[in-house]
Amino acid sequence: MKRTLILLFGIACYVSFLPVFLYLYAFLANLQMTGLAEQWPILKTLVPYSIDYGREMGNPVAAVLINLGLIALFGIQHSVMARQGFKRAWTRIVPPAAERPMYVLVTSLVLVVMYWQWRPIDHLLWNAESSVGIGLGYGILLLGLALVLLSTFLINHFHLFGLQQVVWNFLGKVVPAAKFRTPFLYRIVRHPLYTGLFLSFWATPAMSCGHLLFALGMSAYLFIGIRYEEKDLKEFHPEYEKYAEQVPMLAPVPGRSYKG
């Protein structure tokens with residue numbers, strides 16, 4: 001019975017995270033205000049809040065502080081729950097197989113709060129008026145999404161989001177320790193998933209002050225997260241040190257790739 005409940009919990013966490021993750025791209029693209037919303041009016045209902053629309057800014061100083069607080073909330077939750085010390089303490093309370101699904105669930109809740117409470121600061125810093133500029137902005141955003149999704153499948157999508165753990169627990173198996181692997185994109189950049197997120201945060205045909213604040217804050221968090229993640233990787237995988245010397249962090253560099 002306990003294994004079944006953990007399995008159902010893990011599946012529910014994964015299924016609930018997917019629309020929350022996809023909403024991030026609707027949020028960044030202001031999807032309810034694009035031409036797509038004219039063809040599918042339901043988008044205005046499905047996407048009530050976005051980075052530039054949905055709420056009144058109110059006091060500008062208060063808006064900046066609230067937005068920074070939301071970014072900090074995401075960064076703290078994401079970093080603290082990913083640390084090994086927290087995991088060891090946390091799995092004294094929750095079953096080890098449910099640790100990752102719980103992380104995914106809390107991430108979903110934090111993102112929902114961010115979407116809901118984000119204050120648009122809509123003064124525009126740039127605005128592409130040509131169809132080429134608009135297409136380029138949205139095209140790079142979608143490229144970022146594709147990189148994020150591809151990167152998760154390259155390193156084990158279902159383990160990353162906790163499904164493998166709950167399924168193997170249900171079957172009475174032990175999930176094997178992760179091996180050091182460098183498939184495809186990971187041979188030319190160490191963190192293609194983060195590369196995709198950087199593209200997602202910055203790619204837009206219209207950059208508002210609020211969007212810039214979001215991009216700067218989330219980018220700062222990513223650099224902090226990379227630092228701690230690489231510390232853990234070096235601890236668990238001695239070969240990571242050599243890998244890091246050969247492969248750039250986020251952007252490919254001609255002539256630099258993992259030689260093994």
Side-chain angles (χ1 to χ4, degrees), residues 6 8-34 36-37 40 42-58 62-83 86 90 93-94 98-122 141-142 144-145 148-149 152 157-158 160-163 166 193-194 196-204 208 210-222 224-225:
I6 292 174
L8 293 175
F9 175 71
I11 293 172
C13 290
Y14 178 78
V15 170
S16 62
F17 177 76
L18 289 178
V20 174
F21 169 72
L22 292 175
Y23 193 99
L24 173 63
Y25 287 83
F27 179 81
L28 293 170
N30 295 304
L31 193 61
Q32 78 275 44
M33 302 303 294
T34 64
L36 288 175
W40 296 296
I42 193 173
L43 288 176
K44 294 185 177 181
T45 301
L46 294 176
V47 187
Y49 302 109
S50 67
I51 203 159
D52 292 322
Y53 300 99
R55 278 191 176 276
E56 294 295 328
M57 177 179 67
V64 169
L65 292 176
I66 289 170
N67 291 347
L68 288 175
L70 293 169
I71 293 170
L73 175 65
F74 176 84
I76 292 169
Q77 174 267 321
H78 226 59
S79 292
V80 171
M81 292 190 73
R83 301 284 64 80
F86 180 90
W90 188 227
I93 302 171
V94 302
E99 178 269 324
R100 193 66 185 182
M102 184 65 74
Y103 176 86
V104 171
L105 176 61
V106 176
T107 297
S108 297
L109 294 174
V110 169
L111 284 172
V112 168
V113 170
M114 178 180 283
Y115 304 148
W116 174 41
Q117 289 298 320
W118 184 264
R119 272 32 177 193
I121 306 172
D122 55 10
L141 178 68
L142 291 175
L145 170 61
V148 170
L149 291 175
T152 66
H157 175 89
F158 299 108
L160 186 64
F161 294 101
L163 276 182
V166 298
L193 190 154
Y194 293 150
L197 288 174
F198 274 111
L199 292 177
S200 304
F201 297 155
W202 287 94
T204 176
S208 66
H211 196 143
L212 178 63
L213 179 66
F214 180 91
L216 287 170
M218 295 298 282
S219 296
Y221 158 69
L222 288 183
I224 295 170

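When a residue number appears, it is its place in the shown sequence, counting from 1.
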Q: List for me each residue that meets salt bridge (charged side-chain N to carboxylate O under 4.0 Å, His left out) alongside Arg83, sequence neighbours excluded, and say none if there are none.
A: Asp232
Q) Are any non-hydrogen side-chain atoms of Met81 and Glu99 less than 4.5 angstrom apart? A) no
**Q.** Straight-line distance of Phe201 CZ to Leu141 CG, nearest 0.5 Å
**A.** 10.5 Å
Q: I would like to know whether Tyr115 and Leu24 meet side-chain contact (heavy atoms from CB on, under 4.5 Å); could you show each step before the answer?
A: CA-CA 8 Å; Tyr115 304 148; Leu24 173 63; 3.2 Å; yes
Q. Could you state the interatomic distance from OH (Tyr103) to CH2 (Trp90), rounded to the nearest 0.5 Å?
A. 13.5 Å
Q) Considering only heavy atoms from C-beta outward, does the side chain of Thr152 approach that of Leu193 to under 4.5 Å? A) yes
Q. CE of Met114 to CZ of Phe214: how many Å apart, nearest 0.5 Å?
A. 5.5 Å
Q: Any pair with a residue in residues 100-112 that passes salt bridge (charged side-chain N to carboxylate O under 4.0 Å, His left out), sequence neighbours left out, goes on the list, sorted by first then second residue, please.
A: none
Q) Taking atom OG of Ser79 and atom CG of Leu222, what is their separation to the nearest 0.5 Å? A) 9.5 Å
For residues 66-77, which side-chain N or O atoms pair as donor and acceptor with protein atoms under 3.5 Å away, sequence neighbours left out?
unit_1: Asn67; atom_1: OD1; unit_2: Arg119; atom_2: N; d: 2.9
unit_1: Asn67; atom_1: ND2; unit_2: Ala63; atom_2: O; d: 3.3
unit_1: Asn67; atom_1: ND2; unit_2: Arg119; atom_2: O; d: 2.8
unit_1: Gln77; atom_1: NE2; unit_2: Thr107; atom_2: OG1; d: 3.0

Q) Between the main-chain N or O of Pro120 and the side-chain N or O of His211, is there a donor-acceptor pair closer than 3.5 Å? A) no
Q. Quick one: CD1 on Ile42 to CG on Leu36, what's the gap to the nearest 0.5 Å?
A. 13.5 Å
Q: Please identify each residue that fulfils side chain to side chain contact (heavy atoms under 4.5 Å, CB included) with Val112, with sequence neighbours left out.
A: Val20
Q) For the residue pair Gly162 and Pro101, what are the closest heavy atoms and their distance? A) O-CG, 3.8 Å
(Q) I'd like to check the side chain to side chain contact (heavy atoms under 4.5 Å, CB included) partners of Leu149; sequence neighbours left out, ordered by chain and number. (A) Phe21, Leu145
Q) In chain order, what residues pass the side-chain hydrogen bond (donor to acceptor under 3.5 Å, both in side chains) check against Ser208, with sequence neighbours excluded? A) Asp52
Q. Quick one: ring pair (Phe, Tyr, Trp, His ring centres under 6.0 Å) partners of Trp202, sequence neighbours excluded?
A. none
Q.
Holding to ring pair (Phe, Tyr, Trp, His ring centres under 6.0 Å), I want the full list of residues that pass it with Tyr14, two or more places apart in sequence or in another chain.
A. His157
**Q.** Heavy-atom closest contact (Ser50 atom, Trp118 atom, distance)
**A.** O-CD1, 4.2 Å
Q. Out of curiosity, Leu199 CG to Tyr194 OH, how far, rounded to the nearest 0.5 Å?
A. 15.0 Å
(Q) Around atom CD1 of Ile93, are there more than 12 heavy atoms from other residues, nucleotides or ligands closer than 6.0 Å? (A) yes
Q: Kindly give the heavy-atom pair with the smallest separation between Leu105 and Cys13, and that separation in Å.
A: CB-SG, 3.7 Å
**Q.** Side-chain touch Tyr49/Gln117, heavy atoms, less than 4.5 angstrom
**A.** no
Q | side chain to side chain contact (heavy atoms under 4.5 Å, CB included) against Ile11, all qualifying residues, sequence neighbours excluded | A | Leu7, Val15, Leu163
Q.
Under the rule for ring pair (Phe, Tyr, Trp, His ring centres under 6.0 Å), what residues qualify as partners of Phe9, not counting sequence neighbours?
A. none
Q | By ring pair (Phe, Tyr, Trp, His ring centres under 6.0 Å) - contacts of Phe198 (at least two apart) | A | Phe223
Q.
Going by the rule side-chain hydrogen bond (donor to acceptor under 3.5 Å, both in side chains), which residues pair with Tyr221 if we only count those two or more places apart in sequence or in a different chain?
A. none
